[in-house]
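So the structure is just underneath, and the comments pick up after that.
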Number of protein chains: 2
Amino acid sequence: MTVKVIQSVDRAIDILELFMASKPELSIKEISEKLALSKSTVHGIIKTLEHRGYLQQDPESLKYRLGIKLFELGNAVGNSMDIRKIASPLIRRLVEELHETVHLAVMEREEVVYVEKLEGPRTLTIYSHVGKRAPVHCTGVGKAILAYQSDEQIDRMLASDHLVAHTEHTMTDATAIREHLKTIRDNGYAVDDEEIELGLKCVAAPIFDHQGNVTASISCSAPKVRVDDHSFAEMIGKITAAASEISAALGYRNPQPVNL
Amino acid sequence: MTVKVIQSVDRAIDILELFMASKPELSIKEISEKLALSKSTVHGIIKTLEHRGYLQQDPESLKYRLGIKLFELGNAVGNSMDIRKIASPLIRRLVEELHETVHLAVMEREEVVYVEKLEGPRTLTIYSHVGKRAPVHCTGVGKAILAYQSDEQIDRMLASDHLVAHTEHTMTDATAIREHLKTIRDNGYAVDDEEIELGLKCVAAPIFDHQGNVTASISCSAPKVRVDDHSFAEMIGKITAAASEISAALGYRNPQPVNL
DNA sequence: CCTTCCGTTCGGCATTGTCGAACGCCGTTC
DNA sequence: GAACGGCGTTCGACAATGCCGAACGGAAGG
């Protein structure tokens, strides 16, 4: 069933991701142990990656770290995302108006990835950063996207092994979440009330693309103590308005899904 | 002589970089032609990369584009750069004070790579972006780094095929550049006066690491028409001061190279 | 000085990736 | 509407390629 993969390419990716998953500096020995490969196999792949600038060896410790080429490629990807270009100025404006941190996230497999983040002037907690993955079931951006997926998609993303509790407020029951998603669709926005991190409250709204699909969302995050009724309402208004604006810029037509 | 590379990994990298070098969307046919590989070979590698999230296929056109995983990895690399963390707040301050765009760049092979960029309020030209490569001989950041390399290093980086003229002011004579680098060392800063782009003037200063090596630099870029004697002097003062501060934060001791 | 540890090199074997050809699914053309 | 062309995909056979274990060499530590 699984597609036929080129073994050595697959292993090269394993190695690269190992740096992200564990330590930023690894020796050949460590890599070969963690991936259960012989040292010489790892050596060959690593030298190839190093030769191309995707890894670099510290001349002193002889350990390896991720190379600048990955930085270049990653930024090339980021710059080619049109949603990012469209949303950036709006995000800047949102932060100025709301004085709190704003995130832009896209869906990727069963999680979301933050593609833009602009911190407010008085940031306290920083659990997120651009390029980081986050779960869908306990983040504002995640739920805002999830609520607008097909049932099969939702089922897959709510597969039990994903529903990890991050705080005591994290919802981990699939059927309860499904109910909750309906509320989100009715409201047009999602709220995360200390579900990913204690003391953190977020409001998120879905972004529709030209086909009417939701693959991205924006959110405003603030320490819960700073969110009173008034500022909460303001967040909802501004975030949903901005999301609509971005959707429109992406070619989304109207509230009703288009029928061809 | 060239290290023994794993062919399929090397080819996978060729494919990824092809997206950066040419178009952001490529079909298997295009790739196999440009790399002179059979379609099936390309297919195998591409499916592996897609399976891991490093490429994604547009369901309509069936063409491929770079995947989010590269964005994640690239940002992980960016976040692990300590020079970036140190320099970021200083760069922000510089932009506020100078009202012009500030760059942070690091040396990579025979070129420099921008790792941070903060635009001034009235930006006109944007030839650069984070993650982009630039030549050493005609940029402020490049010359500021180049001036402090070893003679062999300078020779290599001034290899004739790199000395491309970007404007009528670009210096393309190696010996003339070598003279020019001496001036830079005497001054402690480098000036790029329309050498990479007409109408653009930059001041750049080297950043020393804890071993006294220069692997990075910062610069301030402005439209030449806005740079009068007074603002030019201010740029020089502020950029060199900031560079010194970053060097100190990296563990650089004093103007004299340390002897162990 | 001996030991240990780790990166690197080597050589033989079989796995794996490679290629060309063929397939099948479009959309286009006549 | 049938034939064509273009493209992604699959198949099968061959041998090149990457794999492993063992051995090497240099550095650090006792």
Side-chain angles (χ1 to χ4, degrees), chain A residues 1-19 21-67 69 210-211 260, chain B residues 1-19 21-67 69 210-211 260:
Chain A
M1 50 138 283
T2 55
V3 280
K4 195 192 155 223
V5 294
I6 305 295
Q7 192 186 58
S8 33
V9 174
D10 208 46
R11 288 175 170 177
I13 294 174
D14 283 336
I15 292 176
L16 290 178
E17 293 187 355
L18 193 60
F19 285 90
S22 58
K23 293 181 293 180
E25 268 202 335
L26 291 167
S27 67
I28 288 193
K29 176 118 185 305
E30 289 173 306
I31 296 169
S32 63
E33 281 172 358
K34 297 203 188 197
L35 298 180
L37 296 171
S38 76
K39 278 193 297 175
S40 47
T41 302
V42 172
H43 183 257
I45 297 175
I46 277 197
K47 282 301 166 192
T48 308
L49 291 171
E50 184 195 15
H51 182 246
R52 294 296 224 105
Y54 290 75
L55 285 178
Q56 54 193 52
Q57 189 173 24
D58 180 39
E60 312 203 9
S61 68
L62 295 184
K63 292 194 171 192
Y64 294 85
R65 45 171 50 244
L66 296 174
K69 222 39 185 285
H210 66 105
Q211 294 175 331
L260 304 177
Chain B
M1 46 140 284
T2 55
V3 280
K4 196 194 155 225
V5 295
I6 305 295
Q7 191 186 59
S8 35
V9 175
D10 209 48
R11 288 175 169 178
I13 295 175
D14 284 336
I15 291 176
L16 290 178
E17 294 188 353
L18 193 60
F19 285 90
S22 58
K23 292 181 292 179
E25 268 201 334
L26 292 167
S27 68
I28 289 193
K29 174 117 185 304
E30 288 173 308
I31 296 170
S32 63
E33 280 173 359
K34 297 203 188 197
L35 298 180
L37 295 172
S38 74
K39 276 193 297 174
S40 46
T41 301
V42 172
H43 183 257
I45 297 175
I46 277 198
K47 281 301 166 192
T48 308
L49 291 171
E50 185 194 16
H51 183 245
R52 294 297 225 106
Y54 289 75
L55 285 177
Q56 53 192 51
Q57 189 173 23
D58 179 39
E60 313 203 10
S61 68
L62 296 184
K63 292 195 172 192
Y64 294 84
R65 44 172 50 242
L66 297 174
K69 221 39 185 284
H210 65 105
Q211 294 174 333
L260 305 177

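In what follows, every chain begins at residue 1, and chains take the letters A, B, ... in the order their sequences are listed.
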With respect to the phosphate group of [N], does any side-chain polar atom (N or O) of [X] fall under 4.0 Å of OP1 or OP2?
X	N	answer
Ser8(B)	dT16(C)	no
Gln7(B)	dG17(C)	no
Arg11(B)	dT18(C)	yes

Flag the pair [X] / [Y] as yes when at least one side-chain heavy-atom distance between them is below 4.5 Å, and no otherwise.
X	Y	answer
Thr48(A)	Tyr54(A)	no
Glu17(A)	Ile13(A)	yes
Leu49(B)	Ile45(B)	yes

What integer distance in Å separates [X]:[atom1] from [N]:[atom2]?
X	N	atom1	atom2	value
Glu33(B)	dG8(D)	CD	C1'	14 Å
Asp10(A)	dC19(D)	CG	P	11 Å
Ile46(B)	dT18(C)	CD1	C1'	15 Å
Ile6(A)	dT10(D)	CD1	P	13 Å

Does Arg65(B) form a salt bridge (charged side-chain N to carboxylate O under 4.0 Å, His left out) with Glu25(B)? I'd like the steps, not just the answer.
CA-CA 5 Å; Arg65(B) 44 172 50 242; Glu25(B) 268 201 334; 3.5 Å; yes
Applying side chain to side chain contact (heavy atoms under 4.5 Å, CB included), can you list everything that pairs with Ser40(A), at least two apart in sequence or on another chain?
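Ser40(A): side chain to side chain contact (heavy atoms under 4.5 Å, CB included) contacts with Ser38(A).
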Nucleotide by nucleotide, 5' to 3', does protein get under 4.0 Å of the base (B), only the sugar-phosphate (S), or neither (-) in nucleotides 4-9 of chain C, counting heavy atoms?
--SBBB
Under a 4.0 Å N-O cut-off, is there an ion pair linking Lys29(B) with Glu33(B)?
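Glu33(B) and Lys29(B): salt-bridged.
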